[in-house]
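First the structure, in the form of structure tokens, and then the observations on it.
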Amino acid sequence: LTSDRKIKANRVNAQASTGPKTTRGRARVARNALRHALTLSINSNPALSEEADVLAREIAGTDPQPEIQELARRIAEVQIELRRIRDVRHRLLSEALIDPNYETLAMMRKKFRAIIHYARAFGPDTPTPDDVVEFLHSKPEGPHKLATILADKARQLLALDRYERRALSRRKFAIRAFDAARRRLRP
Amino acid sequence: MAVLMELESNSAGFRAPRTQVIGEILVADVAALEWEVLRWRRVKVGLLRTHELRMLTEFLSGPALDYDLYREDFENDLQQLLQDKLEKDQADVAQTLSHDCAEGNPDAIDKVRSILERAGLDLSKILKRAETRKAEELAVEYVRHEQAAVKLVHELLAEAGTSLESLISERLRNGNDLDYIERIDRLTTIAEDRRNASLREIYRRRAILGEKLRRSLQEIEADEFKVIEGKNAA
């Protein structure tokens, strides 16, 4: 069990943790949620909020009870959020997949090092060996390309997966609460 | 794609009335996640197939491939080249020379080598090209499960004291691809877990709909794993 002394110390220390102090730091964290806007509430976007309203009305149907309307709105918000997350993931993968010149940063560096190595070792006038030319022109294709993209975008995909997992959990509990309220309030 | 359409048409068969919006959302989730599971599995199989083909070609391009298997190809390539390099009225000479050279006649080999060297060509590279081409052909036939190729490849692997599985696993260990496959397996598991969670929610809300959907999924998954019959060699 956490001692009272420790709880008090944590609370006092937390008062000092107020985030970045400098103007530059504050400006930077102010843009954190704008990278893919997935942490922003649906209600901050009028178009999405309107969509959530429409879906909430469909879920609640003709039931006029405020509790049902409120719970339906919760499900609708999470559903729209889930769609947003999946759209971002789809865009991330498909943009890389349709790019015919897609190359990972690591592979670009490797190729650059190979060019420098051969230019230094044999001089600029010596023709580059066939296998090196083949390596420089090589591009990931087919399933290998998708596998490379998955590895390259692992960090972003992991973050999106976390958002999706949380949204799915919230949707599950919102649906259960909605079903329970409907059973309870059924005339 | 056909599988997704099948799943969607299956789910449309017992689609809930418009008032059951939550049910529709969950069914759409199951369909999308099942599609994702199948896609990741196919990507994984595709990756392994690529390695199978590449490893087999590399293995067969080495000393494992018997010269007799590609001698005729080598002779044809040589004849074509010699006809281009010799005078037009020496077509017969080209044929005899290429045949004798492919048979290993030392005089013929020397003659061919000197003709090719004058043209800036290398006899050993022509031999290697024929060997690689044959290895690629054989590897493709093996992947297509053509019986003659499967039998021959298995014999060659046994003679070399190895197996395709060990060649592939060695290659995977040495490259990034084991990591790729693990990543794809993880994505498959995540999609399966989420699909099952949506299915459980459907089952909890409407047991009959959930049961029908579960059976449809089982049928689709069973169709994915068919026994591949070996094709008879023509």
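All values below come from the heavy atoms of this structure, side chains included, with hydrogens, waters and symmetry mates left out. Just so we're on the same page: letters track the sequence lines, and every chain starts at 1.
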* Side chain, backbone, both or neither: which part of L168(A) has a non-hydrogen atom closer than 4.5 Å to chain B? -> side chain
* Structure fact -> Separation between CD1 (I175(A)) and CZ (R204(B)), nearest 0.5 Å, reads 7.5 Å
* Structure fact -> The interface call for L47(B) against chain A, heavy-atom contacts under 4.5 Å, is both
* Asked: Are any non-hydrogen side-chain atoms of L157(A) and R183(B) less than 4.5 angstrom apart?
  -> no
* Asked: Quick one: do D29(B) and R171(A) make a salt bridge, cutoff under 4.0 Å?
  -> yes
* Asked: Is it the case that more than 12 heavy atoms not belonging to K128(B) sit under 6.0 Å from its NZ atom?
  -> yes
* Structure fact -> Under 4.5 Å to a heavy atom of chain B? For R176(A) that would be both
* Asked: Do other residues, nucleotides or ligands put more than 12 heavy atoms under 6.0 Å from the CG atom of N13(A)?
  -> yes
* Atom NZ of K21(A): over 12 foreign heavy atoms under 6.0 Å -> yes
* Asked: Would one find more than 12 heavy atoms of other residues, nucleotides or ligands at under 6.0 Å from atom CZ of F135(A)?
  -> yes
* **Options A60(A), A72(A), A151(A), G61(A), ranked by heavy-atom pairs under 4.5 Å with chain B, top entry** => A151(A)
* More than 12 heavy atoms from other groups under 6.0 Å of CD on Q69(A) -> yes
* To do: May I ask you to decide whether E36(B) forms a salt bridge with R86(A), counting only side-chain N to carboxylate O separations under 4.0 Å?
  => no
* So does R113(B) have more than 12 non-hydrogen atoms from other groups sitting under 6.0 Å from CZ? -> no
* Which heavy atom of V43(B) sits nearest a heavy atom of P143(A), and at what distance? -> O-CB, 3.7 Å
* Structure fact -> dist Y180(B):OH -> L146(A):CG (nearest 0.5 Å) comes out at 11.0 Å
* Could E164(A) and R194(B) be called an ion pair, given the rule that one side-chain N must be under 4.0 Å from one carboxylate O? -> yes
* Would one find more than 12 heavy atoms of other residues, nucleotides or ligands at under 6.0 Å from atom CD of Q218(B)? -> yes
* With a 4.5 Å cut-off on heavy-atom pairs, point out which of V45(B), L26(B), I25(B), I190(B) contacts chain A the most. => I25(B)
